[in-house]
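When a residue number appears, it is its place in the shown sequence, counting from 1.
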Amino acid sequence: MGFGFLLIGYIFAYVSAVGFGTYIFAGTLVGGSIMFLGLFELRKYSPTFVYALIANTLLLICSLYGTLVWVEQQFGFPLGIVALNLGTVFDLAEIAINFLFNMSVLYGIADLSRRVEYPDTRVKAFRNMIFVILFNVLQIIVLLPIETLKSSRAGLMMLLMLMQLVYTIINAALIFKCYAMICPEGQEDMRRKQSRFGFINKWNKIKDEREEQVVEQTKKYLESKLNKRNEKLNKSSFEHNKGHKKKKKK
């Protein structure tokens with residue numbers, strides 16, 4: 001459906017990027033390319049993923065520029081990229097593009113979850129948006145040239161790194177849940193692929209049985225609510241007709 005490519009690319013571009021150091025732009029370039037394939041497929045199921053696709057294209061351009069700067073600095077190739085001197089502008093653009101990309105991916109997940117009636121993933125998508133917003137607000141505060149922040153900037157940077165790690169992990173976990181739970185129309189009743197490991201098959205069987213119980217309980221609950229509502233409407237209609245007949249007799 002596309003969530004598989006999106007998950008692999010996201011892990012490569014964001015989660016594992018923590019240990020890339022100076023290779024971070026190359027990691028984002030590769031991860032962004034993989035995510036592009038996933039988002040291109042997901043746009044068929046929710047048009048809102050087009051926004052994520054556009055943001056991903058900007059992310060690829062940004063990471064390509066960063067990679068070329070690194071290549072020129074490391075190997076001395078006369079590419080003329082460093083001479084553009086886009087340091088501050090590039091940093092701000094990178095913050096904005098990463099913000100737009102993460103928000104648009106989460107918005108796409110929320111919209112697709114609404115379409116396939118998965119309220120749990122929709123709620124989690126909006127929850128993750130809050131983490132992304134808080135991270136970016138703190139990031140902007142750290143970059144502000146305020147004298148009073150200089151003494152606590154090291155602590156703020158640690159908090160910033162922790163928040164980034166948290167929101168990237170919960171985003172990756174959400175994408176994985178979408179990969180496991182949401183499937184294209186017509187594949188809902190396909191049997192789960194058997195693993196070569198017996199304990200995984202047992203765990204999947206227990207999980208499937210629990211999900212079936214939840215679905216059955218929800219179905220019974222909704223049916224009882226619907227029956228009560230119909231009984232109430234029928235009773236109200238009966239009393240209305242009874243009162244109408246009494247008025248006619250008078």
Side-chain angles (χ1 to χ4, degrees), residues 1-18 20 24-64 66-67 93-133 135-136 164-193 204 207-208 211 215:
M1 186 177 185
F3 280 118
F5 281 121
L6 181 60
L7 176 63
I8 294 169
Y10 195 87
I11 291 173
F12 208 87
Y14 285 97
V15 180
S16 60
V18 176
F20 281 175
I24 186 169
F25 293 111
T28 309
L29 186 62
V30 175
S33 301
I34 298 171
M35 288 190 292
F36 186 90
L37 298 174
L39 293 168
F40 190 80
E41 183 69 19
L42 284 168
R43 88 196 197 288
K44 299 175 184 176
Y45 304 100
S46 173
T48 52
F49 277 108
V50 171
Y51 303 124
L53 200 60
I54 294 169
N56 186 80
T57 304
L58 296 174
L59 185 68
L60 285 172
I61 295 169
C62 182
S63 56
L64 177 61
T67 303
E94 186 187 7
I95 292 171
I97 291 168
N98 278 289
F99 173 74
L100 290 172
F101 175 75
N102 281 281
M103 292 295 286
S104 57
V105 167
L106 292 171
Y107 179 66
I109 290 173
D111 181 70
L112 183 57
S113 299
R114 177 186 61 81
R115 291 169 183 269
V116 298
E117 298 180 352
Y118 276 113
D120 183 49
T121 52
R122 189 166 187 263
V123 169
K124 286 181 179 178
F126 286 121
R127 177 207 62 187
N128 290 12
M129 283 184 184
I130 296 172
F131 276 91
V132 175
I133 292 168
F135 168 77
N136 281 272
Q164 184 179 23
L165 186 62
V166 168
Y167 94 71
T168 50
I169 289 174
I170 62 175
N171 281 353
L174 178 61
I175 295 170
F176 175 76
K177 186 168 186 178
C178 292
Y179 168 73
M181 298 288 292
I182 301 176
C183 62
E185 188 176 356
Q187 296 183 8
E188 298 89 346
D189 299 323
M190 287 183 68
R191 295 185 67 183
R192 190 191 294 268
K193 187 177 179 181
N204 287 336
K207 187 179 178 184
D208 290 341
E211 287 176 0
V215 170

From [X] atom [atom1] to [Y] atom [atom2], the distance as rounded to the nearest 0.5 Å:
{"X": "Tyr45", "Y": "Phe3", "atom1": "OH", "atom2": "CZ", "result": "10.5 Å"}
{"X": "Met35", "Y": "Ile11", "atom1": "CE", "atom2": "CD1", "result": "11.0 Å"}
{"X": "Leu174", "Y": "Tyr10", "atom1": "CG", "atom2": "OH", "result": "9.5 Å"}
{"X": "Ile170", "Y": "Ile175", "atom1": "CD1", "atom2": "CD1", "result": "11.0 Å"}
{"X": "Phe5", "Y": "Leu37", "atom1": "CZ", "atom2": "CG", "result": "5.5 Å"}
{"X": "Asn102", "Y": "Met129", "atom1": "CG", "atom2": "CE", "result": "10.5 Å"}

Return the orientation label for the Tyr167 and Phe135 ring planes: parallel under 30°, perpendicular over 60°, tilted otherwise.
tilted

Output, in order, the C-alpha distance, side-chain angles, deciding distance and verdict of side-chain contact (heavy atoms from CB on, under 4.5 Å) for Asn171 and Phe131.
CA-CA 10 Å; Asn171 281 353; Phe131 276 91; over 6 Å; no

Arg43 to Phe40 six-membered ring, cation-pi geometry met (6.0 Å, 45°):
yes

Thr121 versus Ser113, side-chain donor and acceptor atoms under 3.5 Å
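Result is yes, a qualifying pair exists.
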
Taking only distance into account, with no hydrogens and no angle test, what donor-acceptor pairs under 3.5 Å do side-chain atoms of residues 53-62 form with protein atoms, sequence neighbours excluded?
from, atom 1, to, atom 2, distance (Å)
Asn56, ND2, Gly32, O, 3.1
Thr57, OG1, Leu53, O, 2.9

Candidate pair Met103 and Phe99, rule side-chain contact (heavy atoms from CB on, under 4.5 Å), full reasoning:
CA-CA 6 Å; Met103 292 295 286; Phe99 173 74; 3.6 Å; yes

Can you list everything that forms a side chain to side chain donor-acceptor pair (under 3.5 Å) with Arg114? Sequence neighbours excluded, please.
Asp111

